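Taking it in order: structure first as structure tokens, then the write-up.
Just follow the structure's listing: the first ligand is 1, and inside any ligand the first atom is 1. Predicted model, so just to flag it, every value in this text is computed and none were measured.
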Amino acid sequence: MESAALYESAGGMPFFEKLVDAFYEGVATDPLLRPLYPSDLAESRRHLTLFLAQYWGGPHIYAEERGHPRLRLRHMPFRVGPAERDRWLVHMAAAVERVAESESIRTMLMNYFVPAAEQLRNDTGLPISGPTQPKRLEIT
Ligand code: HEM
């Protein structure tokens, strides 16, 4: 199946609404991710729903409302380290399991989400971000 066909075969906009609702149910209880999102999740929910619907071949409402996705840029204000990436994927994988009815749709979605979440990582998660200076050897 081509990615453009997934929108229709998964169930159109109601499918993406259910998927994103299930995802944000997980985020809402996540102590690491919840503080990164605004207190009212309505807009976050709408943007992710419209983005995913568009990505998978649905109407281009996201582009009309938000312009070019520029996802790496839009995630720069938030620290996305390996832990944040993994928590995001845990909630999305659970949502996919719950909402997508066919194995091939579940596989296509996760084959996109896993590398996409890594692409949005903007922090190593390591305590030191730069190279450490090698110790100078004292030759006496
Ligand atoms: C496949 C991976 C991901 C996709 C496709 C994705 C997609 C999106 C989209 C479409 C938006 C809304 C952009 C807009 O303002 O129009 C967004 C916002 C956001 N994303 Fe992601 N994201 C991903 C991974 C992550 C990860 C790993 C984190 C972990 C910290 C994260 C945290 C956020 C936050 C905090 C916002 C802002 C919410 C808001 O202001 O309403 N995202 N993301």
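Listed by number with element, the atoms of ligand 1 under 4.0 Å from a non-hydrogen atom of Phe51 are 5 (C), 10 (C). Atoms of ligand 1 found under 4.0 Å from any heavy atom of Arg85 (numbered from 1 in listed order, with element): 27 (C). Using a 4.0 Å cut-off to heavy atoms of Leu48, the atoms of ligand 1 that qualify are 7 (C), 8 (C). Distances below 4.0 Å separate heavy atoms of Phe78 from the following atoms of ligand 1: 34 (C), 35 (C), 36 (C), 37 (C). Annotation for ligand 1: atoms under 4.0 Å from non-hydrogen atoms of Leu120 are 2 (C), 3 (C), 4 (C), 22 (N), 23 (C), 24 (C). For ligand 1, the atoms closer than 4.0 angstrom to any heavy atom of Tyr112 are 5 (C). Each of the following atoms of ligand 1 lies closer than 4.0 Å to a heavy atom of Ser44: 38 (C), 39 (C), 41 (O). Applying the 4.0 Å criterion to heavy atoms of Tyr62 picks out, from ligand 1, the atoms 13 (C), 14 (C), 16 (O).
How far CZ of Arg85 is from CG of Asp123: 11.0 Å, rounded to the nearest 0.5 Å. Atom CZ of Arg45 and atom CD of Glu43 lie 11.0 Å apart (nearest 0.5 Å). Rounding to the nearest 0.5 angstrom, the gap separating the CD atom in Gln54 from the CD atom in Glu65 is 10.5 Å. For the atom pair CD1 (Ile61) and OG1 (Thr49), the distance works out to 10.5 Å, reported to the nearest 0.5 Å.
When hydrogens are left out, the protein atom nearest atom 40 (O) of ligand 1 is Pro38 CD, 4.0 Å; that is the closest non-hydrogen contact. Nearest protein heavy-atom contact of atom 12 (C) of ligand 1 is His47 CB, 3.8 Å. Protein heavy atom in closest approach to atom 38 (C) of ligand 1: Tyr37 CD2, 3.6 Å. When hydrogens are left out, the protein atom nearest atom 1 (C) of ligand 1 is Ala116 CB, 3.4 Å; that is the closest non-hydrogen contact. When only non-hydrogen protein atoms are considered, atom 22 (N) of ligand 1 lies nearest to His75 NE2, 3.0 Å.
Counting heavy atoms from C-beta on, the side chains of Arg87 and Val90 come closer than 4.5 Å.
Some N or O of Trp88 is nearer than 3.5 Å to an N or O of ligand 1, by distance alone.
Assignment of Tyr55 to the shell around ligand 1 is not supported, since no heavy atom sits closer than 4.0 Å. Residue contacts with ligand 1 include Arg66, since one or more of its heavy atoms lies under 4.0 Å from the ligand.
When each of Phe15, Tyr112, Phe51 is tested with Trp56 by the rule ring-ring contact (aromatic ring centres under 6.0 Å, His included), just one qualifies, namely Tyr112.
A donor and an acceptor atom, one from each side chain of Asp30 and His91, are located under 3.5 Å apart.
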Task: Audit row: Phe78, Asn122, side-chain contact (heavy atoms from CB on, under 4.5 Å) steps and yes/no - done: CA-CA 8 Å; Phe78 319 107; Asn122 55 29; 5.6 Å; no
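With atom 30 (C) of ligand 1 as the reference point, the heavy atom nearest to it among Leu36, Leu52, Val27, Val20 is part of Leu36.
Using a 4.0 Å cut-off between heavy atoms, Leu71 contacts ligand 1 through its side chain alone, with no backbone atom that close.
Using a cut-off of 4.0 Å between Lys/Arg side-chain N and Asp/Glu carboxylate O, Glu25 and Arg98 are scored as salt-bridged. Between Arg121 and Glu84, no side-chain nitrogen of the basic residue sits less than 4.0 Å from a carboxylate oxygen of the acidic one, so the salt-bridge criterion is not met.
Taking the centre of each ring, Tyr55 and Tyr62 stay at or above the 6.0 Å mark.
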